[in-house]
Amino acid sequence: MCNTRFEGKTAVVTGAARGIGYQCARQLAAGGATVVLVDVLEDALRQAADKLQAECGRAALTCAADVTDEAAVEKLLDEAAEKTGRLDILINNAGITRDDLLLRMDARMWDLVMAVNLKGTFLMTKHAARHMLRQRYGRIVNLASVSGLVGNPGQANYSASKAGVVGFTRTVARELAKRGITCNAVAPGFIKTDMTDVLPEKAKEMALAAIPMQRMGTAEEVARVVAFLASDEAAYVTGHVLPVDGGMAP
Ligand code: NAI
């Protein structure tokens, strides 16, 4: 798995303590990047850093921070750039669900999902872009979702936040393109992680029935596509949303 495609680069991954975020960090570290793992789960973050060291032989920096807290976001990105001398790659992966049908959906659950999935992506991107603009180089990859492309009953808040991530991605791509910074998104379908493990069996069966490949994806399968978009192999790709979904998206 080890290669040198991210040698000399600094990469920040949010929601990196587990799931897709951890696998993204692993792909980047295996390519030689210095990775900064960001998450709200402090213990899981430390364990993730130990695991990354064992699997890739590279020490990662960790930062316990909430992506909705602007002061914390600014501080962590400044510190990452100061400690490593650069800031090349940002993976906006932190995300949550608070599912319910429209009429039962509490406005607080709407706000919470919007805050983490959409505002968190905005804050991280805004403050990372300052460093990337100075370098005239950057790779930003956002985690959208098939729910944000086609909708999903019970996920009005989540699908709206992810559709927001798509519009945000396309706009940032256009704003920053001439400064050597790309911004793309992946839209995973139904991926086996802690986020989907908690779904009721019936919901899992319905989701599986909608997947042409008839299986859930793995976090690693998503992370490999994220790593491609973060690499120089995708240097001329910006403003795109790539589904990683076993054929679910139309
Ligand atoms: P997960 O729940 O396993 O991991 C998400 C991570 O984000 C957790 O470690 C969590 O502590 C962290 N996080 C949550 N709120 C945070 C905050 N405010 N600040 C910093 N970190 C925070 O989820 P999973 O499945 O790995 O999902 C990763 C991303 O992929 C999310 O954006 C999710 O919406 C997206 N996605 C996942 C799909 C799936 O089927 N698992 C499908 C489509 C998109």
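Just so you know, ligand 1 is whichever comes first in the structure, and atom 1 is the first atom listed for that ligand. In this text, all values refer to a predicted model and were calculated from it rather than measured experimentally. Reckoned from all heavy atoms, side chains included, excluding hydrogens, waters and symmetry mates.
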Begin from the C-alpha positions of Thr196 and Lys204 and carry the test side-chain contact (heavy atoms from CB on, under 4.5 Å) through to its verdict.
CA-CA 8 Å; Thr196 48; Lys204 286 189 197 170; 5.8 Å; no

Short list, please: which atoms of ligand 1 are under 4.0 Å from a heavy atom of Asp66?
17 (C), 18 (N), 19 (N)

Between Asp78 and His131, is there a side-chain donor-acceptor contact under 3.5 Å, judged purely by atom types and distance?
yes

Are any of the N/O atoms in Thr193 less than 3.5 Å from those in ligand 1?
yes

Subset of ligand 1 atoms that lie under 4.0 Å from at least one heavy atom of Pro188:
42 (C), 43 (C), 44 (C)

Where do Leu149 and Ala187 come nearest, in terms of heavy atoms and distance?
CD1-CB, 3.8 Å

Do any N or O atoms from the side chain of Asn93 and from the backbone of Gly15 form a donor-acceptor pair under 3.5 angstrom?
yes

Looking only at protein heavy atoms, which one is nearest to atom 26 (O) of ligand 1, and how far off is it?
Ile20 N, 2.9 Å

Start with the C-alpha distance between Tyr22 and Asp39, add both sets of side-chain angles, then the distance that settles side-chain hydrogen bond (donor to acceptor under 3.5 Å, both in side chains), and finish with yes or no.
CA-CA 10 Å; Tyr22 175 77; Asp39 209 291; over 6 Å; no

Mind checking the CZ-OG1 spacing from Arg224 to Thr218? Nearest 0.5 Å is all I need.
8.5 Å

For the student: nearest non-hydrogen atoms of Val13 and Cys24, plus distance
CG1-CB, 4.3 Å

Is a donor on one side and an acceptor on the other found under 3.5 Å between the side chain of Glu74 and the backbone of His127?
no

Would you check whether Ser145 has a nitrogen or oxygen atom less than 3.5 angstrom from a nitrogen or oxygen atom of ligand 1?
no

Looking only at distance, does Arg18 have an N or O less than 3.5 Å from an N or O of ligand 1?
yes

Shortest non-hydrogen contact from Val38 to Leu45?
C-CD1, 4.0 Å

Subset of ligand 1 atoms that lie under 4.0 Å from at least one heavy atom of Ala65:
19 (N), 20 (C)

Could you check if a side-chain atom of Arg139 sits within less than 4.5 angstrom of a side-chain atom of Leu229, using non-hydrogen atoms only?
no

Which residue and heavy atom of the protein sit nearest atom 33 (C) of ligand 1, plus the separation
Tyr158 OH, 3.4 Å

Taking atom 31 (C) of ligand 1 as the reference point, the nearest protein heavy atom with its distance:
Asn93 O, 3.1 Å

Closest non-hydrogen atoms of Ile211 and Gly246, given as atom of the first, atom of the second and distance, are CG2-O, 3.8 Å

Could you check atom 7 (O) of ligand 1 against the protein and tell me its nearest heavy-atom contact, residue, atom and distance included?
Gly15 CA, 3.3 Å

Counting each atom of ligand 1 from 1 as listed, which ones have a heavy atom of Gly19 under 4.0 Å away?
26 (O)

Looking at Leu28 and Ala11, what are the two nearest heavy atoms and their distance?
CD1-CB, 3.8 Å

Counting only heavy atoms closer than 4.0 Å, does ligand 1 sit against the backbone of Val116, its side chain, both, or neither?
side chain

So, Thr193 side chain and Met195 main chain: donor-acceptor pair closer than 3.5 Å or not?
yes

Quick test: of every protein heavy atom, which one is nearest to atom 5 (C) of ligand 1, and how far off is it to 0.1 Å?
Gly95 O, 3.9 Å

Tell me, which protein residue and heavy-atom name are nearest atom 16 (C) of ligand 1, and how many Å apart are they?
Val40 CG2, 3.8 Å

Residue-ligand contact Ala44/ligand 1, heavy atom below 4.0 Å
no

So does Lys162 get a backbone contact from the side chain of Asn117, meaning a donor-acceptor N/O pair under 3.5 Å?
no

Which heavy atom of Ile91 sits nearest to which heavy atom of Ala230, and what is that distance?
CD1-CB, 4.3 Å

Distance filter under 4.0 Å to Phe190 heavy atoms, resulting ligand 1 atoms
40 (O)

Would you check whether Val38 reaches within less than 4.0 Å of ligand 1, judged by its heavy atoms?
no

Counting each atom of ligand 1 from 1 as listed, which ones have a heavy atom of Leu41 under 4.0 Å away?
9 (O), 11 (O)

Compute whether any side-chain donor of one residue and acceptor of the other, for Asn142 and Thr169, lie under 3.5 angstrom apart.
yes

Numbering as shown, the atoms of ligand 1 that approach Gly189 to under 4.0 Å (heavy-atom distance)
40 (O), 42 (C), 43 (C)

Tyr22 to ligand 1, any heavy atom closer than 4.0 Å:
no

Identity of the nearest option to atom 9 (O) of ligand 1, non-hydrogen atoms only, from Thr14, Asp39, Asn92:
Asp39

Any heavy atom of Ala16 under 4.0 Å from ligand 1? The part involved is neither

Ile191 N/O to ligand 1 N/O under 3.5 Å:
yes

Within reach of ligand 1, part of Lys192 (heavy-atom separation under 4.0 Å)
neither

Quick check: does Ile96 get an N/O under 3.5 Å from an N/O on ligand 1?
no

Using a strict cut-off of 4.0 Å, indicate which atoms of ligand 1 neighbour a heavy atom of Thr196.
39 (C), 40 (O), 41 (N)

Nearest non-hydrogen protein atom, atom 19 (N) of ligand 1
Val67 N, 3.1 Å

